[in-house]
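Please read all numbers here as calculations on a predicted model, not as lab measurements.
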Amino acid sequence: MTNFIIQLSLRGALAGLLLLPAGAARAQQTRQEVLLTADWKFTKGDVPDAARPDFKDARWQTVQVPHDWAIYGPFSPQNDLQTVKIEQNNEKEAKTKAGRTGGLPFIGTGWYRRRLQVPGFAAGKRAVLLFDGAMSDAHVFVNGKEVGAWPYGYNSFAVDITDAVQPGPDNVLAVRLQNLPEQSRWYPGAGLYRNVHLLVTNDVHIPVWGTYLTTPTITADYAKVKLRTRVETPGRAFQALRLDTEIRDAAGKVVATSSTPLAATDALEFEQNLVVPQPRLWSPETPTLYAASSKLYAGEVLKDEYKTTFGIRSVGVEAGRGFVLNGQPRKFRGVCNHHDLGPLGAAVNTAALRRQLVLLKDLGCDAIRTTHNMPAPELVQLCDEMGFLLMVEPFDEWKTPKVKNGYSRLFDEWAEKDIVNMVRRDRNHPSVVMWSIGNEVPDQWAPGGSKLAKRLQDLVHREDPTRPVTAGMDQFDAAVGNGFAAVLDVPGFNYKPHRYPEAYTKLPQGVLLGSETASTVSSRGVYKFPVEKAKDKRYPDNQSSSYDLEASNWSQTPDEEFAAQDDLPYTLGEFVWTGFDYLGEPWPYDESWPSHSSYFGILDLAGLPKDRFYLYRARWNPTQPTLHLLPHWTWPGREGQTTPVFAYTNYPSAELFVNGVSQGRQTKGPSAQPQTRYRLMWNEVKYQPGSIKVVAYDASGKAVAEEEVRTAGRPHHLKLTADRSALAADGQDLAYVTVRVEDAQGNLCPDATNELRFEVKGAGRFRAVANGDPTSLELFHEPRMRAFHGMLVATVQAADQVGSVQLQVTSKGLPGATLRLPVAKPSGQ
């Protein structure tokens, strides 16, 4: 029986530092950090001598980091054309995949260079570069000297550059990156796509990820906090040091303190035990955070300061109870997400991540699986602050390859190093409640696979014994039969709801997880007839039906997983594939160009909800009413033909009216078809122009809500709606503006494909646009795009000065529309 009653807290600050713009630094000289965002020079292609300080890079492109060199296209089926047999997709022979990795030009070598001033650097100081992620095979040079390398593009890593830098502004930093063909199954991005930090400390200091904080005891009256803090000294020699720590609550009030001397027997690691009275517990509903601020002294000389933000909460997995948070069982309402941000590509942006999380909150989602790689630290921090449970996952491959140049090339030398960095970076975060060691690895059935699983799980436990470990398994018979599944703290199964009872009987843990579920495909606004359940259904237009009855051959529709989760108490919940559409893996059209982004998302590539959003919302968000009607009701030429109507709602029953005529009342309930438990369906409706209206009834039979969809007329105007009321003048903040093509009465024109053009003036700039069409080859960064089923989303980026920004949208034959947003100083400035 797995029994992790983990009295754990946590979120570890990157290095407990204030992030500053390039060139700025903290006035206090114990520790400084510079965020290296501006003034980078970039070129694509391998360049001899590009690491030399005197190399002339004036003709290179000037870019801002984070930067994804490949998202600007152009799209082409020749970009990473792969001929492969995908065993996970049950393929029997190798086939050529055109858009498997997104059809974007990410393959090749790229160089980045910039001048590097190291503030306050002198004798007795240390300088470290921290890369949140670099895609991929990073080689780092300072003043022509290679100072470090890290091959895995998703991981964070630190490089000590003390011996290579000099005081003053004349240092040169250069980074060489290389992406190989067939290194991925989805779009990996390219370049310095996550942030780069310069840290300057004294030679006696707390290193990157130098704290480990747990709360081994939690009661209503108090929580015990254990803080382990590593220190580094020249030559690792013992010094008589002291660590003073104070814990502050969310209001900034000091609630606990400790002052601890370092003993010669402590191996340069402090252990402090503090007590927080009347703790406020962290959960998705109440994401309360505390902060432990530590000061490191040599005598009375302050050597370093370090801040660890954390949350007080317990997690556990118990047979008979399942996943337990703060003593209460709950099931994950989770999604899997790849790391790309749609039209922004892989380049991380906090505002873009926050928007995704806001949409997932409205969905009722409370958990994310970071598939299949380490996430950006900004995502983990936002999950702490906004209240999401995270399963952090590092690998899609172990020793046995899925793609020619995947992680299997690195596994023997780098797997332990990658796990150590992953766990040490994220183990102080309260949002992280489970580690996954891999996804659908072929080692499930390979000889020695279970031993590999145990080795990796043991490594995770060594670094963090407080959280359970799982893996996403798709090869049920092999993994259950050879002991692979029995090794894991939590057996995670991908797309196997019909075999959960068998797994429960055969495995010892007494629990199991839907680690990847559904793989239903749909295109927003697209409806196909006749309406029927189907696997791998393909159409000439390369789209999938939004009736949400089409799935991949290895999976099911959402309803089958819903039923298993509802009926089987030993299940821990599910992680749906996927929350958002992503670049690459355009199943079922991965052999059919121009499809180059996925169809699996509950939301499309632009972040617009598909119909399926409301099916999940009706189940996952019981505190908010959901009533959603589909399809649209503009079908010229279908008069008199059968056009089924579905309602997704958390009310138990509803009545449908077509032009005022009742089509009968439907009530959700158990049956041989799980769809009737979770959807209301009128399958014999005949189309006639006008309107469809659904009236929902509560459990007592009282009419409590209604929704109406009308037949649309000709496009008449554009409607603009921003997800923000104001922007921060930080040069990074984003507003997502949804543009709808509407008729004169304000109805969405569901088949509108008008080309829209964008112009941004004032304190901001046009950043990107996306319409959610998986087959569109229009470039995201160009200020023009066709609407897809009447809608798209334009992204405006704030400048770094206050004022206002104006977005103007025009389209031939329609009046233009304008939206203005204030751009104000960021909070705290």
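- Looking at Leu199 and His197, their side chains come closer than 4.5 Å, going by heavy atoms from C-beta outward.
- The structure places CG of Leu360 at 10.5 Å from CZ of Arg355, a figure rounded to the nearest 0.5 Å.
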Can you check salt bridge (charged side-chain N to carboxylate O under 4.0 Å, His left out) on Asp730 and Lys825, steps first, answer last?
CA-CA 7 Å; Asp730 61 3; Lys825 288 184 178 180; over 6 Å; no
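- Although no hydrogens or angles enter the test, the distance criterion places a donor-acceptor pair under 3.5 Å between the side chain of Tyr306 and the main chain of Trp209.
- Here the side chains of Val392 and Met422 are in contact, with some heavy-atom distance below 4.5 Å.
- Using a 4.5 Å cut-off on side-chain heavy atoms (C-beta onward), Thr578 and Phe580 make no contact.
- Taking the six-membered ring where tryptophan is involved, the planes of Trp186 and Tyr154 are tilted, since the angle between them lies from 30° to 60°.
- Glu463 has a carboxylate O that lies under 4.0 Å from a charged side-chain N of Arg424, or vice versa, which qualifies the two as a salt bridge.
- Between the side chains of Gln78 and Ser76, no donor N or O sits under 3.5 Å from an acceptor N or O.
- Using modelled atom types and a 3.5 Å distance limit, the side chains of Thr350 and Glu378 yield no donor-acceptor pair.
- Checking side-chain atoms of Asn79 against main-chain N and O of Gly103 turns up a donor-acceptor pair under 3.5 Å.
- Side-chain contact annotation: Asn439 with Asp396, donor-acceptor N/O pair under 3.5 Å present.
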Go through Val809 and Leu819 one step at a time and tell me if the side-chain contact (heavy atoms from CB on, under 4.5 Å) criterion holds.
CA-CA 9 Å; Val809 186; Leu819 183 142; over 6 Å; no
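- No more than 12 heavy atoms of other residues, nucleotides or ligands sit less than 6.0 Å from atom CZ of Arg820.
- Contact of the Gln32 side chain with the Pro119 side chain is registered, since non-hydrogen atoms from C-beta on lie closer than 4.5 Å.
- Side-chain contact check for Asn171 and Asn143: at least one donor-acceptor pair (N or O, by modelled atom type) lies under 3.5 Å.
- Taking the six-membered ring where the residue is Trp, Tyr112 and Phe42 present tilted rings, their angle falling between 30° and 60°.
- Checked against a 6.0 Å centroid threshold, the rings of Trp414 and Phe395 do not count as neighbours.
- His339 contributes a side-chain N or O that, together with a main-chain N or O of Pro188, makes up a donor-acceptor pair within less than 3.5 Å.
- Note: Cys365 SG to Ile602 CD1 = 7.5 Å, rounded to the nearest 0.5 Å.
- Geometric assessment of Lys361 against the ring of Phe388 yields a positive cation-pi assignment under the 6.0 Å and 45° thresholds.
- Among Leu605, Asp340, Leu608, the single residue meeting the side-chain contact (heavy atoms from CB on, under 4.5 Å) criterion with Asp581 is Leu605.
- If you look at His67 and Tyr193, their ring centroids are not closer than 6.0 Å.
- The backbone N or O of Val200 lies less than 3.5 Å from no partner atom in the side chain of Arg31, so there is not a single donor-acceptor pair.
- In this structure, the side chains of Thr738 and Met791 come closer than 4.5 Å at one or more pairs of heavy atoms.
- For the pair Arg114 and Trp40, the cation sits on the ring face: its NZ or CZ lies under 6.0 Å from the ring centre, inside 45° of the axis.
- Nearest heavy atom pair, residue Ala726 against residue Leu821, reads N-CD2, 4.4 Å.
- Nearest heavy-atom pair, Ala735 versus Leu727, reported as atom, atom and distance to 0.1 Å: N-CD2, 3.6 Å.
- In this structure, the side chain of Ser595 does not engage the main chain of Thr775 through any donor-acceptor pair within 3.5 Å.
- For Phe55 and Trp111, the ring centers sit 6.0 Å or farther from each other.
- One finds a salt bridge joining Glu585 and Arg185 here, because a Lys/Arg side-chain nitrogen approaches an Asp/Glu carboxylate oxygen to under 4.0 Å.
- At distances below 3.5 Å, not a single donor-acceptor pair connects side-chain atoms of Asn179 with backbone N or O atoms of Gly108.
- Taking the six-membered ring where the residue is Trp, the centroids of Tyr582 and Tyr187 are separated by 6.0 Å or more.
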Test side-chain contact (heavy atoms from CB on, under 4.5 Å) on Val793 and Val739 and set out the steps.
CA-CA 6 Å; Val793 177; Val739 184; over 6 Å; no
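- In this structure a side-chain-to-backbone donor-acceptor pair under 3.5 Å is present from Asn405 to Pro181.
- When every heavy atom of Asn771 is checked against every heavy atom of Phe788, the shortest pair comes out as O-CB, 3.4 Å.
- Inspection of the Trp150 and Asp418 side chains reveals an N or O donor paired with an N or O acceptor under 3.5 Å.
- Of all non-hydrogen atoms in Leu359 and Gly607, the two that sit nearest each other are CD1-O, 3.5 Å.
- Interatomic distance, Gln797 CD to Leu344 CG, rounded to the nearest 0.5 Å: 8.0 Å.
- Here the closest non-hydrogen pair linking Thr370 and Glu393 is OG1-N, 3.1 Å.
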Gln183 and Lys404: side-chain contact (heavy atoms from CB on, under 4.5 Å), yes or no, with the steps?
CA-CA 6 Å; Gln183 75 172 40; Lys404 179 181 178 181; over 6 Å; no
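- The only option from Arg113, Arg52, Lys41 that meets the salt bridge (charged side-chain N to carboxylate O under 4.0 Å, His left out) definition with Asp57 turns out to be Arg113.
- Here OG of Ser184 is found 10.5 Å from NZ of Lys402. Values are rounded to the nearest 0.5 Å.
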May I have the step-by-step check of salt bridge (charged side-chain N to carboxylate O under 4.0 Å, His left out) for Arg724 and Asp733, ending in yes or no?
CA-CA 10 Å; Arg724 310 281 299 281; Asp733 204 7; 2.8 Å; yes
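- In terms of heavy atoms, Pro394 sits closest to Tyr152 at O-OH, 2.5 Å.
- Counting only heavy atoms from C-beta outward, the side chains of Ser431 and Val380 approach each other to under 4.5 Å.
- Between the side chains of Arg126 and Thr201, not a single donor N or O lies within less than 3.5 Å of an accepting N or O.
- Note: Leu792 CG to Leu756 CG = 5.0 Å, rounded to the nearest 0.5 Å.
- The aromatic rings of Phe766 and Phe758 sit parallel, their planes meeting at an angle under 30°, below the 60° perpendicular limit.
- Side chain of Glu397 to backbone of Val403: a donor-acceptor contact under 3.5 angstrom is found.
- Counting heavy atoms from C-beta outward, Gln732 and Asn349 have side chains that approach closer than 4.5 Å.
- A side-chain donor-acceptor contact under 3.5 Å links Thr211 and Thr308.
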Could you go through the side-chain contact (heavy atoms from CB on, under 4.5 Å) check for Leu192 and Leu36 one step at a time?
CA-CA 11 Å; Leu192 292 177; Leu36 303 177; over 6 Å; no
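- Remark: Arg369 is not positioned above the aromatic ring of Phe575, lacking an NZ or CZ atom under 6.0 angstrom from the ring centre and at most 45 degrees off the axis.
- Contact of the Ser598 side chain with the Pro586 side chain is not registered, since no non-hydrogen atoms from C-beta on lie closer than 4.5 Å.
- With values rounded to the nearest 0.5 angstrom, Lys44 atom NZ is found 11.5 Å from Leu177 atom CG.
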